[in-house]
2 protein chains.
Amino acid sequence: MTRPAQLLDRRARRRRETIEEILEVAVEVMTEDGVAALSLAEVARRMGLRPPSLYQYFPSKAAIYNALFAQGARRVAAAAVEAEAAELDGADPLARLRTFQDGFCRWCIENPVLTQLLFWRTVPGFEPSPESFAPAVAHLEELRSRLRAAVAAGQLAPQAASEEAVALFTCLVSGVVAQQFANEPDASYEQGRFTRLVPTVFDMFIARYAPKEHTS
Amino acid sequence: MTRPAQLLDRRARRRRETIEEILEVAVEVMTEDGVAALSLAEVARRMGLRPPSLYQYFPSKAAIYNALFAQGARRVAAAAVEAEAAELDGADPLARLRTFQDGFCRWCIENPVLTQLLFWRTVPGFEPSPESFAPAVAHLEELRSRLRAAVAAGQLAPQAASEEAVALFTCLVSGVVAQQFANEPDASYEQGRFTRLVPTVFDMFIARYAPKEHTS
DNA sequence: GTCTATACGTAGATAGAC
DNA sequence: GTCTATCTACGTATAGAC
């Protein structure tokens with residue numbers, strides 16, 4: 001009665017692949033038609049399936065949005081950490097924070113659909129589940145810890161680790177990304193008129209929280 | 001054959017009122033169901049009409065979105081100018097710019113639906129017509145002229161009137177508004193954790209473009 | 001696991017009577 | 001100017017055969 005483990009693995013893997021493909025195609029559809037215009041029928045069509053078949057993998061349309069939210073939250077957090085680690089392992093906290101933030105912004109620009117789902121909340125009835133939301137909270141905590149590290153290193157004033165400073169930091173990033181999407185949605189991260197301001201807003205942040213000079 | 005002018009006026013006025021009511025109810029529906037979920041049938045229902053009747057006033061759903069875009073663009077520009085004029089007539093350019101900007105932000109927070117339509121572009125197929133877009137362009141020009149005035153008065157460095165500075169200014173505002181909507185959509189302008197940062201980001205802007213000190 | 005068939009609901013838009 | 005009636009289209013979701 002029990003099947004070979006290998007076969008079960010194959011089936012499980014195939015199922016996972018199908019789930020991944022559904023999410024990928026869903027992003028394609030949203031890219032073309034708008035985040036709020038996701039249609040399961042269209043996803044099925046592009047996969048060569050009938051709409052009912054999708055319900056073997058997701059119980060509802062909302063579940064697909066939710067899975068995409070969770071996936072996006074994990075990916076954007078990972079992108080920031082990877083950017084930071086890539087070229088600056090061992091660098092000072094402020095330089096690390098800068099690349100962390102740059103990685104975050106770059107991911108957002110390169111993933112407009114997921115960014116909109118994550119940070120704009122424009123889909124009529126959709127609310128992410130607490131589990132899907134968790135990675136987003138974790139990312140914010142990573143940002144906080146990096147601000148604290150810069151303070152501890154004497155590169156920023158103590159207030160830079162306050163909740164107000166965290167909020168301000170997110171506003172600066174959010175603003176650049178929002179303006180880039182609204183005004184030049186197709187520009188690359190490097191060429192965007194607004195994304196080019198990422199280093200600028202970072203400089204403004206560190207200028208505001210410059211540590212007091214001790215002319216010892 | 002010709003009717004009394006008074007009667008024609010009455011009809012014309014009534015028609016205008018109906019058009020206004022359609023737009024008002026549309027905003028109500030979008031507030032409750034999401035900007036992208038506007039339904040003409042729902043609007044008609046709330047007005048005590050049948051859906052086909054709306055087509056006497058607007059030729060399509062897109063036309064309603066377009067009218068709302070134009071209305072929003074006019075109103076937000078007016079809100080900024082009125083805020084500026086209200087308490088600071090005759091004040092220095094930088095103080096005027098600050099209240100101008102504050103009026104803009106306040107209007108955005110108090111009109112989330114129109115703000116989303118104007119600045120986020122999240123409605124699947126919708127593009128505003130050039131005529132609807134014109135007031136938005138005009139507002140940006142008003143911002144530019146105020147930056148130039150502050151430069152001319154020696155309150156900001158010349159670069160504060162550059163296109164980069166204008167872009168930066170819009171990013172700062174956009175970021176605060178975006179974060180407020182995403183995280184505390186129901187907070188008032190005064191109480192919002194993010195809108196409270198409007199003066200802060202303004203200060204950061206003027207700090208960046210502080211004129212060179214001449215110790216004459 | 002995928003299908004056919006279908007229930008069920010909604011939408012935008014038009015034709016033509018009143 | 002508003003209505004009834006209708007067209008056309010699309011969507012989500014479920015039941016049950018294969």
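Reminder, nothing fancy here: chain letters follow the sequence lines and each chain counts from 1.
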Handout entry: Five-pair end axes of the helix from C:dG1-D:dC18 to C:dC18-D:dG1, angle between them (10°)
Key = 0°
Exercise for the section: Using a strict cut-off of less than 4.0 Å between a Lys/Arg side-chain nitrogen and an Asp/Glu carboxylate oxygen, indicate whether A:Asp9 and A:Arg16 qualify as a salt bridge. Expected result: no
Exercise for the section: Under 4.0 Å between any heavy atoms, over every strand shown, what does A:Thr18 touch: base, sugar-phosphate, or nothing? Just pick one. Expected result: nothing
Handout entry: Sugar-phosphate only, base, or nothing, as touched by A:Tyr57 at under 4.0 Å among non-hydrogen atoms
Key = sugar-phosphate
Practice task
Would you please name every residue forming a side chain to side chain donor-acceptor pair (under 3.5 Å) with B:Gln180, sequence neighbours left out?
Solution key: B:Glu184
Exercise for the section: Only pairs at least two apart or in different chains count here, so list each side-chain hydrogen bond (donor to acceptor under 3.5 Å, both in side chains) that has a residue in residues 57-79 of chain B. Expected result: B:Asn66-B:Ser129, B:Asn66-B:Ser132
Handout entry: Contacts of type salt bridge (charged side-chain N to carboxylate O under 4.0 Å, His left out), residue A:Glu164, not counting sequence neighbours
Key = none
Problem - Nucleotide interval of DNA chain D bounded by contacts with chain A (heavy-atom cut-off, under 4.0 Å) - result: D:dG11 to D:dT14
Exercise for the section: Only counting residues at least two apart or in another chain, list the ones meeting side chain to side chain donor-acceptor pair (under 3.5 Å) with B:Arg148. Expected result: B:Glu141
Problem - Residue list, side chain to side chain donor-acceptor pair (under 3.5 Å) with B:Tyr189, at least two apart or on another chain - result: B:Asp102
Exercise for the section: Using heavy atoms and a sub-4.0 Å distance, could you list which residues of residues 30-52 of chain A are near DNA chain C? By number, please. Expected result: A:Gly48, A:Leu49, A:Arg50, A:Pro52
Practice task
Sequence neighbours left out, what pairs pass side-chain hydrogen bond (donor to acceptor under 3.5 Å, both in side chains) with at least one residue falling in residues 104-113 of chain B?
Solution key: B:Arg106-B:Glu190
Fill in the blank from the handout: Sorted by chain and residue number, the side chain to side chain donor-acceptor pair (under 3.5 Å) partners of B:Thr170 (sequence neighbours excluded) come out as A:Gln179
Using distance only, find each side-chain donor-acceptor pair of residues 79-88 of chain B under 3.5 Å and give its atom names and separation, not counting sequence neighbours.
from: B:Glu84; atom 1: OE1; to: B:Arg146; atom 2: NE; distance (Å): 3.3
from: B:Glu84; atom 1: OE1; to: B:Arg146; atom 2: NH2; distance (Å): 2.8
from: B:Glu84; atom 1: OE2; to: B:Arg146; atom 2: NE; distance (Å): 2.8

Would you give me the side-chain donor-acceptor pairs under 3.5 Å for residues 31-44 of chain B, sequence neighbours excluded?
from: B:Thr31; atom 1: OG1; to: B:Val27; atom 2: O; distance (Å): 2.7
from: B:Glu32; atom 1: OE1; to: B:Arg46; atom 2: NH2; distance (Å): 2.9
from: B:Glu32; atom 1: OE2; to: B:Arg46; atom 2: NH1; distance (Å): 3.1
from: B:Ser39; atom 1: OG; to: B:Ala41; atom 2: N; distance (Å): 3.3
from: B:Ser39; atom 1: OG; to: B:Glu42; atom 2: N; distance (Å): 3.0
from: B:Glu42; atom 1: OE1; to: B:Arg45; atom 2: NH1; distance (Å): 2.4
from: B:Glu42; atom 1: OE2; to: B:Arg46; atom 2: NE; distance (Å): 2.8
from: B:Glu42; atom 1: OE2; to: B:Arg46; atom 2: NH2; distance (Å): 3.4

